[in-house]
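Quick note on labels: first sequence line is chain A, next is B, and so on, each numbered from 1. Because the structure is a prediction, the values reported are computed rather than measured.
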Amino acid sequence: MKQDIIDRVQKALESLNAGWGVTLPDIEVEIPRDESVGDIAITVAMRLARLLKKPPRKIAEEIVAEITGQQPGFFENVDIAGPGFINFRFKQEYFHKGLQALLEEEHSSLRSDIGKGARIQVEFVSANPTGPLHIGHGRGAAVGSALCNILKAAGYDVQKEFYINDAGLQVKLLGRSVYARYQQLHGNDVPFPEDGYKGDYIADIAKDLQKNDGDLYLKVPFDECGEAVTDHAYKMMLANLESDLKDFGVVFDNWQSEKELHEQGKVEGAINALRAKDLIYDKDGAVWFSSTRFEDDKDRVVKKQDGEYTYFASDICYHKDKLDRGFDTIIDIWGADHHGYIPRIRSVLEAFDLPKEKFRVILIQMVSLLRHGVPVQMSKRAGAFITLREVIDEVGPDITKFIFLTRKADSQLEFDIDVAKEQSAENPVFYVQYAYARISSLFRLAEEKGIGIQNSKFKIQNSEIEGTDLAALIEPEEILLVKKLLQYPMVFEGAALACEPHRITYYLQELAGVFHAYYYKHRIITEDNRLTLARLSLCRGVKIVLDEGLKILGVSAPERM
RNA sequence: GCGCCUGUAGCUCAGUUGGAUAGAGCAACUGCCUUCUAAGCAGUGGGCCAGGGGUUCGAAUCCCUUCAGGCGCGCCA
């Protein structure tokens, strides 16, 4: 729909520009808020006003005159409104053809190739393997996963990656905590580490360790067995993260270990690569990266006085490694509390010659978890928190994801478990799923009645629609519904370019709304076979788009409810 | 103190990258099931877009400033 307008207008502008001789602005297409003014609108006349030093309405008149002369005309009318909007209204045949194309090409017509196969890597969740996932991770997982689905559908070659922080002190502390609990299991009252992890899961790991290795570490000090204990602990934790994510419907293509980068000597290699660019220097017994040469406000230590690499050093390496693996665009999805980290990573990538616009950070704002309107305090170390697992079990993955995907990532959100549950019956996610289930139900009924099978090639479960006359769709609600379907590619493309999955969520609610209204007002299965087939075809179109959108969000599309 | 994010209906949030009379869901109130799924439909009320300046044909959106909330500002990870 958008492309048709742009093609037309572009052609008109080019021919008019023979007389104007200006550099033409981009043609911005928008859907008017008010349905009654037109199907689609452009603002180019107002943008041209300054360039041409002419009143926008006058320019609009010239453009309209040029367009209405074109053949074949698929506009019912084209008019000028307000300060210089040009509003287009399509003929019904245009919508019939659009629906036809959707039914023939199905999902492929809903995807795009703006990515042109570019390799893009999205890193998200990347929770420390020192405790179970909490609700904030869940938000990151939902957004990251949906974004990847969008980008894939937009023609990018996407890799989903989880970065495992398995090299630092935090993991060691996990090991210490497990070690202490393990000793306590055997009746040794050893002191628990000062800042150790206190959650019940630590005891579970200790029990598992006991089951596996018996009393092997009982008389061994942590300094000697720490590696084995820690290894066992974090691997178990990792398996736990992976299974929670899987049950949430989020699966990664690759899990990158930080420890491995160290072991392969890549961290050192990355620092040396920077040194070769003269971006590394020694000062006060430490090694520094000159990040102020780029966007950072101070230089950063990469190797401490004690000779250990900093976490930042592994991150330099990690991001270089992403480039070495051949990704041309890198998206990092982080918790918003890491935003101060952006300038230094940006500096790293610039140092390795990645153009600015090829690196993007999406910040996921905090989720404050409530129960009955009362905030639930979250502290991983203290072991007092509600896990993602508990939320999934209590509220359900579909509702949880939908709530996350109905907000833009960088605004804080309140997640009240009880409200989410109480509202379940009224939850917007059901509104969308219900539309899908209703259509499925119609198809079952149509199939029972054998509709279409004798008289045409229409079949319910696929879209072989030969013999179906879509011109039978003439009700305003039907045209509105088709129009809504044809808007999907615009919304989708916008979501892909802006990296904003929530746009799809809103669109689906609107589409479901238009469908429900239509369904209520008009009977789909009637005595009139020609009309019935056309309406079932329309429903089929709605089903395809709902299916596509829900798949992108990672929300299920139930055949029955 | 400095930096980033946020402030839109009673509540939770959108607002198409600067467009037309600012929207949705929930909550409240009215109606609609003998008809393909009422997890639905139709309607009513509800707003100083935090406040104040500016930029222009046009601002919830961009700039400055004040206020309020959140988060950062390690040779931690």
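- Taking atom P on both C71(B) and G15(B), the two are 24 Å apart, rounded to the nearest angstrom.
- Nearest nucleotide to the side chain of Glu28(A), out of G19(B), C71(B), U17(B): U17(B).
- Put simply, the side chain of Asp315(A) and the base of A77(B) share no donor and acceptor less than 3.5 Å apart.
- Remark: the Gln509(A) side chain and the G25(B) base include no donor-acceptor N/O pair separated by less than 3.5 Å.
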Do His522(A) and Glu477(A) pass the side chain to side chain donor-acceptor pair (under 3.5 Å) test, and can you show the C-alpha distance, the side-chain angles, and the key distance before you say yes or no? CA-CA 9 Å; His522(A) 299 286; Glu477(A) 291 80 9; 2.9 Å; yes
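- Of the candidates G19(B), A77(B), G40(B), the closest approach to any side-chain atom of Tyr520(A) belongs to G40(B).
- Within the 4.0 angstrom heavy-atom criterion, base atoms lie near Tyr341(A).
- Of the N and O atoms on the side chains of Tyr488(A) and Glu493(A), not one donor lies less than 3.5 Å from an acceptor on the other residue.
- Checking Glu28(A) against Thr43(A) by side-chain atom types alone, no donor-acceptor pair falls below 3.5 Å.
- With both ends at atom C1', the span from G40(B) to G25(B) equals 15 Å, rounded to whole Å.
- Nearest nucleotide to the Asp337(A) side chain, out of G72(B), G40(B), C5(B): G72(B).
- Checking G40(B), U6(B), C36(B) against every side-chain atom of Arg523(A), the shortest atom distance belongs to C36(B).
- Between Tyr281(A) and Phe289(A), the distance from one ring center to the other does not fall under 6.0 angstrom.
- With a cut-off of 3.5 Å on both pairing distances, U56(B) has no Watson-Crick or G-U wobble partner at all.
- Within the 4.0 angstrom heavy-atom criterion, no nucleotide atom of any strand lies near Gly82(A).
- For the pair Ala167(A) and Met490(A), nearest-nucleotide mapping onto RNA chain B gives the more 5' position to Met490(A).
- Using the Watson-Crick or G-U wobble rule with both distances under 3.5 Å, C67(B) pairs with G7(B).
- Taking atom P in both A20(B) and A39(B), one finds a spacing of 37 Å when rounded to whole Å.
- Closest contact between the side chain of Arg503(A) and the listed nucleotides U6(B), U17(B), C41(B) involves U17(B).
- Separating the P atom of A60(B) from that of C67(B) is a span of 24 Å, rounded to the nearest Å.
- Comparing the P positions of G52(B) and G70(B) gives an interatomic distance of 24 Å, to the nearest angstrom.
- A 3.5 Å limit on both hydrogen-bonding distances identifies no Watson-Crick or G-U partner for G46(B).
- Distance noted for atom C1' between G47(B) and U8(B): 8 Å (whole Å).
- Using the Watson-Crick or G-U wobble rule with both distances under 3.5 Å, C41(B) pairs with G31(B).
- Pairing of A20(B), defined by two Watson-Crick or G-U wobble distances under 3.5 Å, is not identified with any nucleotide.
- Listed nucleotides A39(B), G72(B), C41(B) differ in distance to His339(A); the shortest reach to its side chain belongs to G72(B).
- Nucleotides C49(B) and G72(B), compared at atom C1', are 28 Å apart to the nearest Å.
- Atom P of nucleotide C36(B) and atom CZ of Phe515(A) are separated by 14 Å, given to the nearest angstrom.
- Using atom C1' as the reference point in both U37(B) and U16(B), the two lie 33 Å apart (nearest Å).
- With salt bridges taken as basic N to acidic carboxylate O contacts below 4.0 Å, none links Lys259(A) and Asp166(A).
- Inspection of the Thr526(A) and Thr532(A) side chains reveals an N or O donor paired with an N or O acceptor under 3.5 Å.
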Go through the steps for Tyr434(A) and His516(A) under the test ring-ring contact (aromatic ring centres under 6.0 Å, His included), then give the verdict. CA-CA 9 Å; Tyr434(A) 187 52; His516(A) 285 310; 5.5 Å; yes
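- Proximity note for Met366(A) (side chain, C-beta onward) versus C71(B), A20(B), C36(B): the nearest is C71(B).
- Listed candidates were G40(B), A14(B), U37(B). Nearest to the side chain of Ser411(A) is A14(B).
- Nearest to the side chain of Phe85(A), among G40(B), A20(B), C36(B), sits A20(B).
- Shown here, G1(B) forms a base pair with C73(B); the pair counts as Watson-Crick or G-U wobble because both key distances fall under 3.5 Å.
- With A77(B), C13(B), A14(B) as the choices, the nucleotide that has an atom nearest any side-chain atom of Lys408(A) turns out to be A14(B).
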